[in-house]
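Worth knowing before you read on, the calculation uses all heavy atoms, side chains too, and leaves out hydrogens, waters and symmetry mates.
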Amino acid sequence: MKKQAFKFLAKVNKVILPSYSKKKLDLTKASKLQMAIIGWRWFVTKNALG
């Protein structure tokens, strides 16, 4: 059940949230909001796969 929820969240993230890796964002110049989005996407992806 938990894994299915994270898989759904991962699909929603892919559609709604921006992909900073495709935009080649420099992490040292990222704002706090951008870092929070990156962290959230990482957390969801980690739990969806694991």
Side-chain angles (χ1 to χ4, degrees):
M1 180 69 179
K2 179 181 171 185
K3 192 171 184 178
Q4 290 175 341
F6 278 108
K7 283 188 177 191
F8 174 75
L9 275 175
K11 289 180 183 180
V12 171
N13 283 349
K14 188 173 185 178
V15 172
I16 295 175
L17 296 177
S19 175
Y20 293 121
S21 61
K22 289 181 182 176
K23 295 180 181 179
K24 300 190 189 261
L25 174 72
D26 185 9
L27 291 179
T28 60
K29 296 179 183 176
S31 70
K32 290 187 184 244
L33 178 62
Q34 290 171 327
M35 291 300 285
I37 291 172
I38 292 167
W40 171 251
R41 287 186 68 143
W42 171 81
F43 174 75
V44 171
T45 301
K46 178 181 161 268
N47 284 300
L49 294 175

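Taking CD of Gln34 as the start and NZ of Lys23 as the end, the distance is 8.5 Å to the nearest 0.5 Å. Separation of atoms CG (Leu25) and OH (Tyr20) is listed at 7.0 Å; rounding is to 0.5 Å. With rounding to the nearest 0.5 Å, the separation of CG in Asn13 from OG1 in Thr45 is 7.0 Å. Between atom CG of residue Asn47 and atom NZ of residue Lys2 there is a gap of 5.0 Å, rounded to the nearest 0.5 Å.
Scanning for side-chain hydrogen bond (donor to acceptor under 3.5 Å, both in side chains) contacts around Ser19 gives Ser21, with sequence neighbours left out.
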query = Can Ile38 and Phe43 be said to form a side chain to side chain contact (heavy atoms under 4.5 Å, CB included), step by step?
reply = CA-CA 9 Å; Ile38 292 167; Phe43 174 75; over 6 Å; no
request  = Check the pair Leu27, Met35 against side chain to side chain contact (heavy atoms under 4.5 Å, CB included), reporting the backbone distance first and the verdict last.
outcome  = CA-CA 8 Å; Leu27 291 179; Met35 291 300 285; 4.2 Å; yes
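Side chains of Arg41 and Leu17 form a contact here, defined as non-hydrogen atoms less than 4.5 Å apart.
Cluster annotation: Val44 is not connected to Leu49 through the hydrophobic network of ILVMFWY side chains, with a link wherever side-chain heavy atoms come within less than 4.5 Å.
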